[in-house]
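Data block below; observations after.
The basis for the numbers below is simple: all heavy atoms, side chains too, and nothing from hydrogens, waters or symmetry mates. Quantities reported herein were computed from a predicted structural model and do not represent experimental measurements. Residue numbers start from 1 in every chain, and the chains themselves are labelled A, B, ... in the order their sequence lines are given, proteins ahead of strands.
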Protein chains: 2
Amino acid sequence: MDPNLIPFFKAAVSVDNVVFGFDQSGLKVLLIYRGADPYRNCWALPGDLISLDSDLSSSAEKVLQDLTGLDKVYMEQIHTFGKVDRHPFGRVFTVAYFALIKIEDYNIHPSSWAEEAAWFPISEIPDLPFDHNEILLFAKDQLKTKIRRQPIGFELLPKYFTLTELQKLYESILETEFDVRNFRKKILSMDFITDTGLKQSCVTHRPAKLFKYNAKKYSKISSSDFAFDL
Amino acid sequence: MDPNLIPFFKAAVSVDNVVFGFDQSGLKVLLIYRGADPYRNCWALPGDLISLDSDLSSSAEKVLQDLTGLDKVYMEQIHTFGKVDRHPFGRVFTVAYFALIKIEDYNIHPSSWAEEAAWFPISEIPDLPFDHNEILLFAKDQLKTKIRRQPIGFELLPKYFTLTELQKLYESILETEFDVRNFRKKILSMDFITDTGLKQSCVTHRPAKLFKYNAKKYSKISSSDFAFDL
DNA sequence: TGGTATTATTGTATATTTTACAATATATTC
DNA sequence: GAATATATTGTAAAATATACAATAATACCA
């Protein structure tokens with residue numbers, strides 16, 4: 001393949017990941033402390049330039065893999081950002097992805113381009129370099145839209161979870177509150193979680209039942225039939 | 001701005017537009033007959049390589065403007081495609097957009113890269129070069145999702161339209177059929193079309209009332225409140 | 001062991017929305 | 001004015017969403 005067959009202007013292309021996690025304190029985003037110019041020593045979205053021989057989606061997966069050690073993570077492309085001056089060093093298009101990870105599985109593996117990585121509550125994101133704040137907005141919005149239509153919330157929860165945790169998750173993402181009874185009726189009627197028969201332990205109050213996500217049941221349902229309007 | 005500040009691999013970036021139109025025979029897509037290699041003399045999506053000084057969205061708009069002469073068209077980014085071998089001449093990322101145009105406004109302006117352009121019914125799209133068939137699938141899917149949540153269908157209709165035309169539009173895009181009475185109740189209850197008091201003329205049967213889209217009313221409603229589930 | 005603190009769990013009545021279904025109205029043409 | 005063609009409209013039943021608070025299960029402590 002002769003790259004010169006395309007005699008036009010070329011640009012660098014990068015991927016940037018918005019990595020969401022969730023714990024009892026709410027929805028969080030994983031940011032890295034940049035160890036390279038530009039914007040060295042700033043908190044930013046984890047991302048990297050794409051190399052010649054990587055597909056787009058593989059590149060996004062690799063960034064996440066390098067950073068978290070996690071594989072087979074739920075990822076989805078959000079949007080591509082291509083303003084002329086979005087990068088101070090030249091023309092760089094960036095393709096943004098969001099990823100949902102189980103925060104308990106995450107182990108810090110700062111990468112070549114990251115000195116450090118940390119979770120930031122979604123409501124306390126600092127000013128980010130490039131157009132990363134805009135990217136984050138897109139990601140939040142897309143997550144909101146998506147979770148109302150598809151059962152992707154489980155990607156953020158441990159294998160076993162309580163209905164209260166699930167409700168808090170939906171409430172954090174959708175930035176609203178639900179009636180406990182109505183939430184449970186709705187989510188149970190959708191028939192993609194199963195009572196494991198297990199219960200919480202080591203809690204100082206009535207232990208909650210533990211549920212698990214039932215992917216098989218869902219896979220029979222067309223995506224347009226699922227909605228979370230409460 | 002010194003392009004050499006980014007010493008990494010660079011690639012060409014293009015935009016490809018999926019241009020939708022609608023008339024009484026249904027939903028259509030505008031394809032061009034390629035006048036340049038590769039795939040010269042094939043029907044394909046209209047697109048072009050991005051130049052140094054154009055923002056991403058401006059590039060997509062320019063492709064459409066060159067091709068149709070139309071300005072201020074509803075466009076939305078769909079997805080970016082970046083498989084290593086998607087272009088035979090080298091690494092080319094393409095950012096796909098869809099556009100909704102009023103087919104009656106369209107005038108043929110074949111471009112430097114197009115010898116000819118023509119509307120193809122959505123059900124009769126030929127084999128397309130590159131990954132253009134895949135792009136088209138994404139576009140159809142996104143249009144389907146979008147029209148259920150936002151009143152964008154009007155972008156495909158003339159200023160004045162009948163409820164029957166509107167119903168046919170929704171049916172074409174969603175690939176389903178609605179009950180006449182229920183469709184009308186639903187769409188009228190959403191309160192973004194207005195009866196103009198005018199009627200169809202030159203028809204050989206009872207003339208239908210003409211409606212128009214009422215953008216102002218809609219603009220007060222948050223996008224998540226609108227849904228077209230019938 | 002019984003009381004307290006804490007969170008989990010559950011049901012029902014009402015309002016709203018969706019669905020299913022067919023007769024009548026208005027124009028043109030002959 | 002009869003025939004043809006499409007436009008327009010209502011109602012009852014079913015399903016879904018909403019509003020709302022009392023009881024249950026555990027740990028802890030006195």
Taking [atom1] from [X] and [atom2] from [N], how many angstroms apart are they, rounded to a whole number?
X: A:Asp179; N: C:dT9; atom1: CG; atom2: P; value: 15 Å
X: A:Leu166; N: C:dA8; atom1: CG; atom2: P; value: 13 Å
X: B:Lys168; N: D:dA7; atom1: NZ; atom2: C1'; value: 12 Å
X: A:Ile187; N: C:dT9; atom1: CD1; atom2: P; value: 14 Å
X: A:Phe183; N: D:dT18; atom1: CZ; atom2: P; value: 14 Å
X: B:Asn182; N: D:dA12; atom1: CG; atom2: P; value: 15 Å
X: A:Gln167; N: C:dA8; atom1: CD; atom2: C1'; value: 11 Å
X: A:Arg184; N: D:dT18; atom1: CZ; atom2: P; value: 18 Å

- Would you say the ring centroid of B:Phe154 lies under 6.0 angstrom from that of B:Phe192?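 Here the rings of B:Phe192 and B:Phe154 have centres that are less than 6.0 Å from each other.
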
- Task: Report yes if the distance between the aromatic ring centroids of B:Phe81 and B:Phe130 is under 6.0 Å, otherwise no.
- Result: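 For B:Phe81 and B:Phe130, the ring centres are not under 6.0 Å apart.
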
- Query: Does a side-chain N or O from B:Arg181 land closer than 4.0 Å to OP1 or OP2 of D:dG10, or not?
  - Reply: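 So the side-chain polar atoms of B:Arg181 never come under 4.0 Å of the phosphate oxygens OP1 or OP2 of D:dG10.
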
- Does a side-chain N or O from A:Lys186 land closer than 4.0 Å to OP1 or OP2 of D:dA17, or not?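 Yes, within the criterion.
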
- Grab the two heavy atoms, one from B:Thr196 and one from B:Leu210, that are nearest each other, plus how far apart they are.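 Taking every non-hydrogen atom into account, OG1-O, 2.6 Å.
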
- Query: Which heavy-atom pair separates B:Arg184 from B:Thr164 by the least distance, and what is that distance?
  - Reply: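 Taking every non-hydrogen atom into account, NH2-OG1, 3.4 Å.
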
- Task: Flag the pair B:Pro151 / B:Tyr213 as yes when at least one side-chain heavy-atom distance between them is below 4.5 Å, and no otherwise.
- Result: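 Counting from C-beta outward, B:Pro151 and B:Tyr213 do come under 4.5 Å.
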
- Message: Restricting to side chain to side chain contact (heavy atoms under 4.5 Å, CB included), what partner residues turn up for B:Ser14, sequence neighbours left out?
- Response: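 Per chain and number, B:Ser14 pairs via side chain to side chain contact (heavy atoms under 4.5 Å, CB included) with B:Asp16, B:Leu49, B:Val92, B:Thr94.
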
- Task: Identify, with sequence neighbours excluded, every residue that meets side chain to side chain contact (heavy atoms under 4.5 Å, CB included) alongside B:Asp23.
- Result: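 With sequence neighbours excluded, B:Asp23 shows a side chain to side chain contact (heavy atoms under 4.5 Å, CB included) to B:Ser25, B:Lys28, B:Ile103, given in chain and number order.
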
- Message: Between B:Lys185 and B:Thr162, which residue's closest nucleotide on DNA chain D lies nearer the 5′ terminus?
- Response: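 Final value for this comparison: B:Thr162.
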
- Message: Under 4.0 Å, heavy atoms only, any strand: does A:Ser189 hit a base, just the sugar-phosphate, or nothing?
- Response: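 Counting heavy atoms under 4.0 Å across all strands, no contact is made by A:Ser189.
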
- Per-nucleotide protein contact string for nucleotides 22-30 of chain D (B base, S sugar-phosphate only, - none; heavy atom under 4.0 Å): --BBBSS--

